[in-house]
Participant: 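Below is the structure I would like to discuss, written out as structure tokens.
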There are 2 protein chains.
Amino acid sequence: MPSTPRERARVDTMRRILESGNRQLAEQGAAALSLRAVARDLGMVSSAVYRYVPSRDDLLTALITEGYRDVAQVAESAAAGRAAPGRRFVALCEAIYGWAREHPHRYALIFGSPVPGYRAPQDTITDAARTPAAAIQLIETAWAAGELDDPESPPASAGLRRQAKELRTALGTQLPEAVLLRFAAAWTQVFGVISFDLFGQFVGSFEPGDAVCAFTFRTAARTIGFRD
Amino acid sequence: MPSTPRERARVDTMRRILESGNRQLAEQGAAALSLRAVARDLGMVSSAVYRYVPSRDDLLTALITEGYRDVAQVAESAAAGRAAPGRRFVALCEAIYGWAREHPHRYALIFGSPVPGYRAPQDTITDAARTPAAAIQLIETAWAAGELDDPESPPASAGLRRQAKELRTALGTQLPEAVLLRFAAAWTQVFGVISFDLFGQFVGSFEPGDAVCAFTFRTAARTIGFRD
DNA sequence: CACAATAAAGAGCAGTGCTCTTGATTTGTC
DNA sequence: GACAAATCAAGAGCACTGCTCTTTATTGTG
């Protein structure tokens, strides 16, 4: 469909802009991402880039979306296989962790402090939901097979139970609300420990952080109710 | 000791610079923090600020240190009292959460993605350690009173056990290494859920996030071994 | 071929961090 | 009290940023 050579040149330039942006991101971080640098990198004038990307924030959005898709793909392929769901959950966590260590700036862009004045558009949410969805599917597998324990949980407030119920219908899952709550607590644990490691909060205590991450991933799995 | 009026003027100007910087931080975030804006705010010329603050990053460092002290003070006073250690731990978490919601930009500055090119100097670590130290003291209190449960933990690797042992001597605590590991896993959970809420990761699921935070704090307390 | 759509270029505005020099003021000492 | 020394505010300037505008060149199509 991209018949005309002009159009082909356009999509190619667009792809090169995204590539260069990702390079900038990986090398110097989000704050150093500048359209001028992208233009320099590509050997074109800065104003020309604005024909492809409306603004710097839009370039950031494009890179964020790409990052969400990337990490989701990594997580999904790690969750595949025939191993026990609990082991696959830990593998999923380790896959996210590996991706994060490989692309710390992209991880920070997605799961770190939001860039001020930037509001993630709605369509990023669907991509963002893919990763937790992969984890939830593992939980469902274990639950359907009756392999999910039911560890004692703290009491949930009425408001929280309502939120969980709404989420249950929104996800279209059969899982009990209590499991969803435990998943939420465990999920924040997974990203909490990854962020602690990547953002330097373990400096002076658990360094390097891969061991404490692995331990925490297993702790999170137990929190959910996975065996083994 | 504030002898000379020149010196008094200097410390006063320094204090006003920090105040203005904190205002900028609260209103527009770390990325928007500019020495020129501080100078404008204070009615002085931009170059004059450089006589007080060597660079923008140094101003950031000063604000970070102040933030660490602030949150530590909030946590410590929340941990005080005669209630059961478990309840005080949850109160400590809630206090951190409250502080974070009150000062989201300062929280992001401290616990969010690190600003690129910025390396936290060593003396911030001592202030940073105060908050977890307050939590650990609660654990010690419960443990000394024999009120700390010993929930089953996943196995820890040899490297992790060594790190825990080193941390144990560094902290000068009597707590078993297994408890320290559980604390690490729980601590990341606490900050994980706070960050999820503040950084917008709960959009579309648990919104508002105070209920899931409260639930997760209690889950973290159980992970450590607190009763009730 | 001619015309319209599109791309690239360049200039320019307002902002940033930071450095340097210049002149003014205050300070401690003789 | 006078004077050199230390300190300060101010301004100009450099290189960079995001972004907008106008002008020129290129391309595809009627």
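Note on naming: letters A, B, ... go to the chains in the order of the sequence lines (proteins, then strands), and numbering restarts at 1 for each one.
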Participant: To the nearest angstrom, how far is Asp58(B) atom CG from dC18(C) atom P?
Facilitator: 9 Å

Participant: In whole angstrom, give the distance that lies between atom CD of Glu7(B) and atom P of dT27(C).
Facilitator: 11 Å

Participant: Generate the contact string for nucleotides 17-30 of chain D. Rules: B means base contact, S means sugar-phosphate contact only, - means no protein heavy atom under 4.0 Å.
Facilitator: BBBB-----BBS--

Participant: Please state whether the rings of Trp99(B) and His103(B) are parallel, tilted or perpendicular, taking 30° and 60° as the class boundaries.
Facilitator: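 Ring orientation, 0 to 90° scale: tilted.
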
Participant: Please work out which of the three classes, parallel, tilted or perpendicular, describes the rings of Phe196(B) and Phe191(A), given edges at 30° and 60°.
Facilitator: tilted

Participant: Apply ring pair (Phe, Tyr, Trp, His ring centres under 6.0 Å) to Phe89(B) and list each qualifying residue two or more places apart in sequence or on a separate chain.
Facilitator: Phe226(B)

Participant: Rounded to the nearest Å, what distance is computed from the CG atom of residue Leu42(A) to the P atom of nucleotide dA8(C)?
Facilitator: 10 Å

Participant: Considering non-hydrogen atoms only, spot the tightest contact between Val212(B) and Ala184(A) and give its length.
Facilitator: CG2-CB, 4.1 Å

Participant: Taking the basic N atoms (NZ, or NE/NH1/NH2) and the acidic carboxylate oxygens, is any pair closer than 4.0 Å for Arg23(B) and Glu27(B)?
Facilitator: no

Participant: Take atom CZ of Arg8(B) and atom P of dT26(C), then tell me their distance rounded to the nearest Å.
Facilitator: 14 Å

Participant: For Leu59(B) and dC18(C), what is the distance between atoms CG and P respectively, to the nearest whole Å?
Facilitator: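 Atom CG in Leu59(B) sits about 10 Å away from atom P in dC18(C).
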
Participant: Roughly, in whole Å, what's the span from CD1 in Ile17(B) to P in dC8(D)?
Facilitator: 11 Å

Participant: Determine whether Leu63(A) and Arg106(A) make a side-chain contact, defined as any pair of heavy atoms from C-beta on separated by less than 4.5 Å.
Facilitator: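 Side chain of Leu63(A) against side chain of Arg106(A), heavy atoms only: no contact under 4.5 Å found.
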
Participant: Can you measure Met44(A) atom CE to dG10(C) atom P for me and round it to whole angstrom units?
Facilitator: 13 Å

